[in-house]
Amino acid sequence: MPLTVRSSRKSMLRTSPPTTTTTSSMRLTRRSYNTNSPTNKSHRYWDYSKEGCSTATTITSTTTTTMLSLSPVFTSLHTNPSYVLTAILWLSSFGTSLERRTVIGKALSAPLATMALALIVANVGIIPFQSPINGMVNRFLVPLAVPLLLFDSDLNRVVRDTGTLLAAFGVGAIATMVGTIVAFPFIPLTSLGPDVGWRVACALAARHIGGAINFVAVAETLHISGNAVAAAIAADNIVVALYFAFLFSIAKPGEDNIISDTKTTTTTTTTTTTLEDELSPTTTGTIAELKVEQNKATSSITLSTLAISLSIASSLVTAGSLLTKSILPSGTSSLPLISTLTVLAATAFPKFFNSLSETGTALGVILVQLFFACSGAAGSIRMVFEQAPALFAFSALQIGVHFGTLLTIGRGIFRLPHRELYLASNANVGGPTTAAAMAQAKEWKRLVLPALLIGILGYATATPLALSLGPLLLRLPALLNTNYQLTVIDCEIPVRRRPSPSLERPSVVTFVNDIAHCCATHHLDVCIMDIIESLSGRCRVATPSNTVLHSECAYTFYNPFSNEHDGILVNMNTFIGTVPELAFHGSSSSSSMENDIFLRVVKTRVERQQLNESDNATTTTTTTQLPTKLAIGVEGGFSTEDDKYQVITKHSIVVLKNDSKQTILAEVPLDDDTKSQLPQAVVKSAESIIHHVGLAVQQDLTAWQDDEEIPVSKYYQNLPFIDNGVQISPDPKSWKCEKSGATENLWLNLSDGFIGGGRKNWDGSGGSNGALDHFVETGEKYPLVVKLGTITTEGSTVHADCYSYAKDEDGPVKIPNLAELLAKRGIQVTGLQKTEKSTAELEVELNATYAFDAITESGSKLVSVTGPGLQGLVNLGNSCYCNSVVQVLSAVPEIANRYGSPPNGNVKQHKLFHDITPSAAPNDLLVQTSKLVSALTSGAYAIPHEELEKEGTADPKYRVAPRMFKHLIGKDHVDFRTGQQQDAEQFLQYMLEQLDRAEAKYDRNMLPSSHVFSFQTEARMLCTADQKIKYKDNAPEVIWSLALPMEKAVVTPVLEEPEQKKQKQEEDGDENQVPTLTFQQCVDSWAEETLLDDYRWPHLNDSVHPGMTKTRFKSFPRYLWLQVRRYKIGPDWQPVKIEVNLDIPESIDLSDYKATGPQQGEDLVPDEPQGGVAGPSGSTAQPEISEMALCQLMDMGFGMNGCKRALLAVGGSDTEAAMNWIFEHNMDPDFDDPLPESGAAAPAPASGDGVDDAVASSLVESLGCFTFDQVRAALKETNGAADRAADWLFSHMDDLDGAIANLQATSGDEAGSGTSSPGPKIPLEDGDGKYTMIGMISHIGRNTGSGHYVAHIKKDGKWVIFNDEKVALSEHPPIQHAYLYCFQRTDTIGSPNPNY
C-alpha cells in the first residue's frame, strides 16, 4: 500500500502547491517555482516512495500560487513522522474544542474547523502536504472508525420503535438520490477534474442520506483528493446550516396533530429522559450528531470497554477486508462490507454492542477527526476556494430537489405528516443527533427516540446506497446523449454515443439492465483508476543504482520493437521486463500477488526521409556523407540509427491478473493527459523507469566521442631542450624515420629533434614505431612529439597533431608554446600548409574502411541466409569472441537439445525456466543460456527473406544482443567482465566450467555439458635411472591444444589472404610468402617422445632423475575441440602471432594415437597408495632427516617443527633447499605445528583426488601470492590444468576463501583407486578416432586479446559464416587459418546423446 494519502489522484496533481527542490531524501519545503514564461509556470511537488525516498515531478499549470515559507525549523521536521502525527492530533483536538467552546466553531462544525486549521498550517509550511502519516490514517484508522460508530445500529430496534417515521426516512433517502441524479447533469463538477465529479457527488449523497461518517467512508472508498474533500465539506456545511435554519423556520412546535404510530412504551419514556440529559436543544453541529457529550454526569467509558471496542472493531475490519478480497475484484474498497458486517453484528447482539456504543462513538469521533485533519493538510487554499462555489451550487440543488421530492412523495402519495417528513429530512442531511435535537427543540418528545434511531439507520445504509449511484452517474451522460467514456473493470456497460436521427434512442429498460448487470457482478465502483490506485503502493521509484530491464524480456529476446501491440511489460516494483505471458512466471497464485502493475513499452521504428527541394520537384533521397571526425552520433562523425530512423515510443500502465491467460484488468496510456489522472506514485515510478538508462546502457557503451577536449600537456613549460644543432629541412621529401627509413607518418621529438615513425595500428598497419622506441631508449625523458605535415596556422594560432608519450598522459595533447619549440629547430610556422592526415583522421579512415569479414572472404559477394540455426548475434563491442563460441556450441545437437528450442518452436516455454521468477531470471545462468541458445536454434528472431538485402542495420525486432548472458557469465571473471577483447579458447573453457557448476546446482544427476567434449590422455614415462616405466592418467580436458612445430614448416605461396594481411605485406615489401604446416606434422610433434627434466621419482625415494614421456589419447570424445597455438610470447614478453598456414583436412583419423596401456614385458614402476610410497608396515615412507641439517636450520632461529617440515619437503638433508622452502612457507598457518607420527609433512607428489601435488607446488612458487591449499583447490576445480587454475585463482581474488568454501561444500574429495591418478567421476565417452569437422573459429589480429573472431559452421554440407550479425553462405572457408576447430566423432553423427 502507498505511504501517500488517497488524495494522490488527478485533482491532487493539479492542486498541490509547488515545491522547492531540496537535497534531502524527503520533501522539506513547498514554495512556488516559476519559470520565466508568464503563461506557462511549473509547479514541482514531491511524493514519498515506499522506501521513504522522494522524487520530483514537474506539473504544468496556468497559474502560480506563492506560499509563505516559515522557519526552516518546521520544514526540517516534515520528514519526522512523530512530529507530523503530533500535529495532526493537535489539529483534530483543536477542531473539536472550537466547536464546543466557541460560537465560530459551532457555526463551522468540528470537521470544517479541523480541516480549515490543517489547510492553513500546511499551506504556510508548518506541516507537510503529504506524509506517511496520511497513508496510515487512510489505510488503518478510517476503516477502524466505521465499525466503532455503528455499534448501536440495531436494525430490529429501528423497525420496532420508529413507526411511520421509518417510511419518511426511506422516502428522504430516495429523494436524496433523486436530487443527486438531477443535480449532476446540471452541475457535473468538472472543475474538480475528470473522473472526480461523480465521486464527490456520491460522497455528498452519502452525507445527505446518513451523515458525516458516511461521507468519510465514501470519500475513502472512491479515493477523493484532499482538496475536493476540504472544498466539499466547506461548501456543504454552509448549505446544511442554511437548510437547517429553513427547516426550523417552517416546522411548528407542539405535540398536537401527531399522527405517527410511534409506540410509546416505558422504554421510550426512559430513553427520552436520557436524551434530554444528553442533548442540548440548540445542538446543530455535525460532531454533535455522533452522540458524544462532555457534560454527561456518568460515563460508561472504561479501560475495559476501550480495549474491547478496539478489538471488536479491528476484528470486523479484518473480516470485511478478507471477505472483500475473496468475493470482490481487486481494488474494491472494504468499507461497504465492513459497514454491513457491523450492522449485522449489532443487530444480532444488541445488548453487547449497545454497552460499547458510547465508547465506540468516542473513539470513532477521534479517528474521523484525524481523517479530516489529514484531508485538510493535503489541500490547497486556492483550489478549495476555486472549487467551493461549484460544490456549493451542487449541494444546494441536491438538497433542494431532495426536499421537493420528499414532500411530493411523502405528503402527496403516502400522506405522511409534515413533522415526520421534516425530521426524516433532518436525519438524512444531518444525522441522528441533529434530528433528535430538532425533535427536542420543537417539543416533539415522542419523536426524539425515533429520530435518533432512523439517523442510526442512515449510518448503516447510506454508504452502499451512495456507492450504488456510481455506475448510474457514470452512465448518465451517455443516457442524455453526451459523449462520455465509461470503462468498468469486468463490468462492461455499453456506452452509446449520440445516435443518428434514424436510430432509436436507448430505452430505459436497456439502461436498467446494464446497471443490474453491473450490480450483479459486484463491480459497482471498480473502474480503471480504482484498480490502478489499489496497486500504486507496489510502485517503486528506480534509482541509478537499480537494475532496470526495459529493453528486452528477461526470458527471451523479445523487445519493445517485437510486437506492434504487446511490446514488453516492466514490473513497476521489480523493474524487470517480460513478455505478458511470462509476467507471473515461476510463482503460483497462492504465493504471489493476485494482480500486479506494469509499464508497457512499445516501440516502432520509422525510416527518416530527407526531402531535397529542387526548382521543379521535391524528391525523397537518403544522403550519405563520409565521416570526418572520430565520433559516433555527432556532426561529422559516424552515422547512427538515430540518423536513419525515428523511433516512436508508447507507454501505458497495465494491470494484469495472475491467471493462466494473464488477463488485462486495466490499461491506461501514459501521456500528458492521463498523467494528471493517475496516482502520483504510479506516474513517478513509470517516469523513473522510462528515463532510466537501463541494463543495456549500463553494460554497453552506445555512443562515444574521442578527443572532445584535448588536454594541455603539463610538460610543455619545462620541456628539456637538447641544443644539438639539429635543424629540420623545409623540404618534406627529406624527412624520414631515423630508424627504419620510412617516409610517412613521421613524428618530430620536440626535445632532441629526432624524427621517428608513428605507432603501429591495432591490425599491424600504420607506422614503424620509431618515435616511441626512441622515447623509451632515451630513458623516457623527452615525451612530446609533433607530427610533421600536420602543422598549420590560423591567425596567430598554431594547429598540429601533438602527442605525449608520458605514461601519465599517453595521448593527444595541446602544446601552447609549439611555435617557439618548432622555431628552435628551424621551422617557421607562418604559411605552413597541412600535408598529412592527423591521427584522428587516420583512425576514422581505418574504422570506416575496415571490413571484418575480409579475414576469409575478401571481395566475395556472400549470399545472406536466415532461419532456424542461422541467427546472427549483435557485437556488443569486443564481444565477437563470445558470439563465435556460442554459435559453434549451439550447433552441437546435445547443447541445442538441452538449451535450445526446436526450429520454429516457442521460445517463451523452456524446461529450464521452471520456477524461475522474472526477478531471478537475469541472474540465472541456465535461464540466460537457454534464452540465448533458443534464439539461435528456433528462428524466432530470423530476418525475413525480403529484408535480408536491405542496407543498414536490421530492424531491432530481429536483433539478438547477448548482453545479459555475457554480463552474467563474465561478472565474476577478472577479464570477461570487461569490455575488452579476450581469448576465445579461454572463454570456451570458462563457459563450460560455469555451465557445469550451474547444472550441478540445478540437478546433481544432470550430465554436465562439458561431458560431450571431455577426453583423457595417458602419459607413458620412462625413468632413465632404472629404465622402469610409469603410466599416468592425466586429468580430463575439453580442448586439445596443438603446438606448431615451425621447424617442420615449408614456405609455399599464398593464393588468397585477408585484406589486412595483404596491406601489411605490401608495406613490408618482401614478406609475400608464409610457411605451411600439415596437420599430421602437428599431431606427430604432439605425440613424439620428449625429455622430462628433473622429475622426482617416488619409487627412488623421491630422488630426481630425468625421464622420457609421450602422450596418447585414452578416450576419444564425442566432440573434439582443437586449439592451434598460433601465438607465442615474443622477446618483449608480448604475444606475437605465428604466420603459418595449417593444411588440415575436414576429416581426420586419430586411431593410431590411442593409448595402449602397460604392455607385456615392460618393467613398471611400483604403484604407490595415496600419500606416497608404502613402507614396510603400510605406512607412508618418509626421507630420513639429517640431524646436522636440522641443527643448522634451528641455529638460524627457526622452530624444530618448521625445520623438520622443510627438510622432509626437500629430501631430508639439503640445507640450502630447505632454507628456500622455509622462506616460502614460514607464514603458513601449520608451519610450526607438530608433524604427524607416520605422515609426510610435505605434500605427496600425487594425491587421490587427481591433483598432481608437484604441479601444485610449482604453481605456488610461480604465482607467489597463493597458499598451497588454495592452489590445490583451484587445480581440483579445473581438473588439474595449471593455466586454468591460475586463471581461476585470479578471477576469484575478491573472495577467494569463500569461493573455495563453496567448492568444498558442493563436492567432497574422492579417494583414489590405487593408481597414481584416479579416473574421472563420470565415465567418459569413447569410440573410434575418426572425426569430421563441423565448425571453426578464426581470428585476425596481433594476438588473441585484440582483433576480431569469426565462426564458420557446416550446415547441411555447406559452410556458413557467422560474422556477428552477418550470416551468409561461405565461399572460401578459412580452414587453413582457423584458431579453434570443432570435430564430431563420425560414429555419433545422427545419434545425439539422449541424456541431453
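Note that these values count all heavy atoms, side chains included, but never hydrogens, waters or copies made by symmetry. Sequence positions, counted from 1, serve as the residue numbers for this chain.
One N or O on the side chain of Ser534 and one on the backbone of Ile531 form a donor-acceptor pair closer than 3.5 Å. Between the side chain of Ser314 and the backbone N or O of Leu310 there is no donor-acceptor pair closer than 3.5 Å. No side-chain donor-acceptor contact under 3.5 Å links Ser395 to the backbone of Leu391. Under a 3.5 Å cut-off, the side chain of Ser425 and the backbone N or O of Tyr422 do not form any donor-acceptor pair. Panel note: side chain Thr305, backbone Thr302; a donor-acceptor pair is recorded below 3.5 Å. With Ser92 contributing its side chain and Ala373 its backbone, the two residues share no donor-acceptor pair below 3.5 Å.
The shortest distance between side-chain heavy atoms of Thr164 and Leu416 falls below 4.5 Å. Side-chain atoms of Phe215 and Val229, non-hydrogen and from C-beta on, do get closer than 4.5 Å to each other. Contact check for Asn214 versus Ile209: no side-chain heavy atoms found under the 4.5 Å cut-off. The shortest side-chain heavy-atom distance between Val401 and Val178 falls under the 4.5 Å cut-off. Side-chain atoms of Pro464 and Leu467, non-hydrogen and from C-beta on, never get closer than 4.5 Å to each other. Contact of the Arg199 side chain with the Leu473 side chain is not registered, since no non-hydrogen atoms from C-beta on lie closer than 4.5 Å. Between Met136 and Leu85 there is a side-chain heavy-atom pair separated by less than 4.5 Å.
Taking OG of Ser355 as the start and CZ of Phe349 as the end, the distance is 12.5 Å to the nearest 0.5 Å. With rounding to the nearest 0.5 Å, the separation of CG in Leu141 from CD1 in Ile88 is 11.0 Å. Interatomic distance, CG of Leu117 versus CZ of Phe94, reported as 8.0 Å (0.5 Å rounding). Here the OG1-CD1 distance, from Thr342 to Ile312, works out to 10.0 Å after rounding to the nearest 0.5 Å. If you take CZ on Phe169 and CG on Leu421, they are separated by 13.0 Å, rounding to the nearest 0.5 Å. Atom CZ of residue Phe246 and atom CZ of residue Phe403 lie 4.0 Å apart, to the nearest 0.5 angstrom.
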Exercise for review: Might you work through the side-chain contact (heavy atoms from CB on, under 4.5 Å) test for Ile301 and Leu306, ending with a clear yes or no?
Suggested key: CA-CA 7 Å; Ile301 300 177; Leu306 286 170; 4.1 Å; yes

Practice item. Apply side-chain contact (heavy atoms from CB on, under 4.5 Å) to Leu144 and Leu367, showing your working. Key: CA-CA 8 Å; Leu144 200 62; Leu367 300 183; 4.0 Å; yes

Point to revise | Step-by-step side-chain contact (heavy atoms from CB on, under 4.5 Å) determination, His208 to Asn428 | key: CA-CA 5 Å; His208 298 158; Asn428 288 138; 5.7 Å; no

Practice item. Show your working on side-chain contact (heavy atoms from CB on, under 4.5 Å) between Ile126 and Tyr83 and close with a plain yes or no. Key: CA-CA 10 Å; Ile126 296 178; Tyr83 166 76; 3.4 Å; yes

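Across every non-hydrogen atom of Ala168 and Glu420, the tightest pair is CB-O, 3.8 Å. Across all non-hydrogen atoms, the minimal contact from Arg207 to Val240 is NH2-CG2, 4.2 Å. Taking all atoms of both residues into account, the shortest heavy-atom contact from Phe394 to Ala201 is CZ-CB, 3.5 Å. When all heavy atoms of Ala87 and Ile127 are compared, the closest pair comes out as CB-CG2, 3.5 Å. Scanning both residues, Val137 and Pro143, for their nearest heavy atoms gives O-CD, 4.5 Å. Summarising the geometry of Ala346 relative to Phe353, their closest heavy-atom pair is CA-CD1, 3.8 Å, with the distance given to 0.1 Å.
Remark: Phe414 CZ is loosely packed, at most 12 non-hydrogen atoms of other residues, nucleotides or ligands lying under 6.0 Å away.
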